[in-house]
Peer 1: 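Before anything else, here's the structure in question.
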Protein chains: 2
Amino acid sequence: MDHSSPHTRKKNAVTIIDVARESGVSYSTVSRVLSGFEYVSDDTRERVLAVAKRLGYVANLQARSLAGGRSNVVGVLVPGLDNGYIIEVTRGIDEELNRQGYSLMLYTTHQQHGKETQFVSAIANGLCDGLLLVVPVVPDDYLDVLQQRKFPYVLVDQADSTRRHNSICSTNWQGAYDATQHLINLGHRQIGIITGRMDLSSGIERLEGYKSALATHDIALDERLIYPGDFFQPTGYTGGHHLLGLPTPPTAIFAGNDLMAFGVLQAAGERGVRVPDDLSVVGFDDIPYSVMMHPRLTTVRQLLDEMGRVAVQMLLKHIEQPESTPHHITLDTQLIVRESSAPPRHLKK
Amino acid sequence: MDHSSPHTRKKNAVTIIDVARESGVSYSTVSRVLSGFEYVSDDTRERVLAVAKRLGYVANLQARSLAGGRSNVVGVLVPGLDNGYIIEVTRGIDEELNRQGYSLMLYTTHQQHGKETQFVSAIANGLCDGLLLVVPVVPDDYLDVLQQRKFPYVLVDQADSTRRHNSICSTNWQGAYDATQHLINLGHRQIGIITGRMDLSSGIERLEGYKSALATHDIALDERLIYPGDFFQPTGYTGGHHLLGLPTPPTAIFAGNDLMAFGVLQAAGERGVRVPDDLSVVGFDDIPYSVMMHPRLTTVRQLLDEMGRVAVQMLLKHIEQPESTPHHITLDTQLIVRESSAPPRHLKK
DNA sequence: ATTTTCTCTGCAAGCGTTTGCATCACACAT
DNA sequence: ATGTGTGATGCAAACGCTTGCAGAGAAAAT
């Protein structure tokens, strides 16, 4: 009838006090050995560390961060786990965090804007030492709160024109330019594009890169060849069908990202349009599945995991020195030519 | 010269005491309103809640769980983020956790067995209220620790023959049986298999299902058609090449999971073996990319995200009632027939 | 009218850390 | 010998919360 006490799970835990008792010093000394590493004599340090190890002591995170120390937890805010691109970045983040002895708290916004609660919690909670914002768009007032609280954070894959924040992103403009130029060099003149979300800097910049490449090569911009997308596969699919269904369909399509390129591939397949014979397709991101497609996808490689890793490094640096001025890093993209792009039909014979 | 005090970030935080002062009750009453919901008069509760809302109060997790309450954090232990299957499960977990007002702490083992530290931390830390183990193999002694500490946990996608643990998995045997039978019914007799990791119950069961289906239909087992895999794409690729390079190659290949099936598709493509004309391929999992492949992959659908969701529900139930006896849930699989499987060549004409 | 029971509230003791301050011993310069 | 600085240590006060215990009324039972 009678159940266990509410504190059941508290048992067994080795605390700093146990270590102190066992090694014959005060618990504050133990604390200093474990975190501060200052003003402790060498033999005391060694003795304490030995005991801690022997007892299997593991610091209690809540206590530590409650008392004002580090929790060694970093919060990662992502829109959702339904996107290869996000996964890749997160993978890089995770790896680096691991390497540096940090834990990862995952907050997903699920595209619901009301989910900012999570965000607030993340900082108000005080659980995290810092925040990695991989979400497409962050309301300015939230960033203001972060700044004002001097809470360390890094914007990942967001062009921060104001240079007010720590941020990292890729050369989206250049990548799109390269991709488009690649198609032009192959001989294509009718080049369609399925854009990314136009409320995101990456979406905008990629479209601009596309336009610039056309302009540089004196190809008139045809608005009908621009299909507005959202970075998700289904849009690539419908967009592909739409473009291929035009009176004079494009001979090449540049998709704003790989996922949408996959959709184009699928639409082409259904219409009996052969890639790359009848249609060239180029993507953006180079997520792992790009190379598994048939034909393997020509795309613009972003070092997504690298982006995650570097973001972590920036963040940790910022955690060390909260007063340091914001940095911005841009990662180069690279055109990866595979089998989904080729010269247009009329040039082949 | 002089830097900010170490406690800089502590400012601004609204504590339970502020709420208490503002609403004219003691802080313990506030605490009871916020977490206990017991023995508080209706109007006190309302008043406190109103004030809390107005002040934008958010409970401090560390303090709460330090003091013995719930942290509303669940730890999720995964091998890594490089696997569509894991992603899907995690996605389900994440969604359900979100819905239930929990946060997700992600621990990746990165296949390094030394990474059990993470594991120990997760519980010793006391940060998490419970643990979801999505990792392929968990040493028994760890599970013993969990049991002994009465720490809530659920094994995800692990056949727990002992029924000692809370666990959830799919009908791996049946799924493999169905897949193989599907190929047999199409007329295939030479059916190759690329197995999963044989130290995992899912790998073993799928192989058994394959064998049983063959036996039921009086097809002799040919050991040469069994290629040992590991659930990753490259192995599917090499396995595909290997099987297709045999003197009498199989007319169909059942891959232990979709990722390996993708590898087979790629190998077939390189060899000029056409799918499904010359070779039928069936996968397992039905990760989102399966439908993006060309040809679209016939596979055994596991409700991976559902598995994650249900796992969360089991865990939360167990957190509520730590003394409850372990449950086990099995989720049905479903054969999804798409274009990568067809009757063998010789039957077609 | 008195006792018992019950609902509600407050007090205070922790939870396991970090860290400012005080203390102490020792060496060094005076 | 006395003073001064310095490295090493300990004490105790937070950090923000939960919860056992006790007390205060009010309602119910005697």
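Labels below follow one simple rule: chain letters A, B, ... track the order of the sequence lines, proteins then strands, and each chain is numbered from 1.
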Peer 1: Just the rounded figure in Å: distance from P of dC17(D) to CD of Gln62(B).
Peer 2: 10 Å

Peer 1: Rounding to an integer number of Å, can you tell me how far Asn72(A) CG sits from dT17(C) C1'?
Peer 2: 14 Å

Peer 1: Would you please say whether a donor-acceptor pair under 3.5 Å links the side chains of Tyr102(B) and Glu96(B)?
Peer 2: no

Peer 1: In terms of side-chain heavy atoms of Ala63(B), which of dG16(C), dT9(C), dG16(D) is nearest?
Peer 2: dG16(D)

Peer 1: Would you say the side-chain atoms of Ser23(B) pair up with the backbone N or O of Arg47(B), donor to acceptor, closer than 3.5 Å?
Peer 2: no

Peer 1: Could you tell me how far apart Arg64(B) (CZ) and dG16(C) (P) are, to the nearest whole angstrom?
Peer 2: 18 Å

Peer 1: Over how many whole Å does the gap from Ile17(A) atom CD1 to dT18(C) atom C1' extend?
Peer 2: 13 Å

Peer 1: Quick one: Ile16(A) CD1 to dC15(C) P, roughly how many Å, whole number?
Peer 2: 14 Å

Peer 1: Using the side-chain heavy atoms of Thr29(A), tell me which of these nucleotides is nearest: dG16(C), dT9(D), dT9(C).
Peer 2: dT9(D)

Peer 1: Is it true that Arg70(B) and Glu320(B) make a salt bridge, defined as a side-chain N closer than 4.0 Å to a carboxylate O?
Peer 2: yes

Peer 1: Give the nucleotide from the list dC11(C), dG16(D), dC17(D) with an atom nearest to the side chain of Ser26(B).
Peer 2: dC11(C)

Peer 1: Examine the side chains of Ser31(A) and Ser28(A) and answer whether a donor and an acceptor come within less than 3.5 Å of each other.
Peer 2: no

Peer 1: Which nucleotide, dG20(D), dG16(C), dC17(D), lies nearest any side-chain atom of Thr15(A)?
Peer 2: dG16(C)

Peer 1: Taking only the side-chain nitrogens and oxygens of Thr44(B), find out if one of them lies under 4.0 Å from OP1 or OP2 of dT9(C).
Peer 2: yes

Peer 1: To the nearest Å, give me how far apart CG (Leu66(B)) and P (dA14(D)) are.
Peer 2: 17 Å

Peer 1: Choosing from dA8(D), dT19(D), dG16(D), which nucleotide comes nearest the side chain of Arg32(B)?
Peer 2: dT19(D)

Peer 1: Would you indicate which nucleotide in dG10(D), dT9(C), dG16(D) comes nearest to any side-chain atom of Ser41(B)?
Peer 2: dT9(C)

Peer 1: Can a donor-acceptor pair under 3.5 Å be found between the side-chain atoms of Ser28(A) and the base atoms of dC11(D)?
Peer 2: yes

Peer 1: Side chain of Gln158(A), backbone of Pro136(A): donor and acceptor closer than 3.5 Å?
Peer 2: yes

Peer 1: When the distance from CG of Leu61(A) to C1' of dG16(D) is rounded to whole Å, what number comes out?
Peer 2: 16 Å

Peer 1: Please report, rounded to the nearest Å, how far the P atom of dC11(D) is from the OH atom of Tyr27(A).
Peer 2: 7 Å

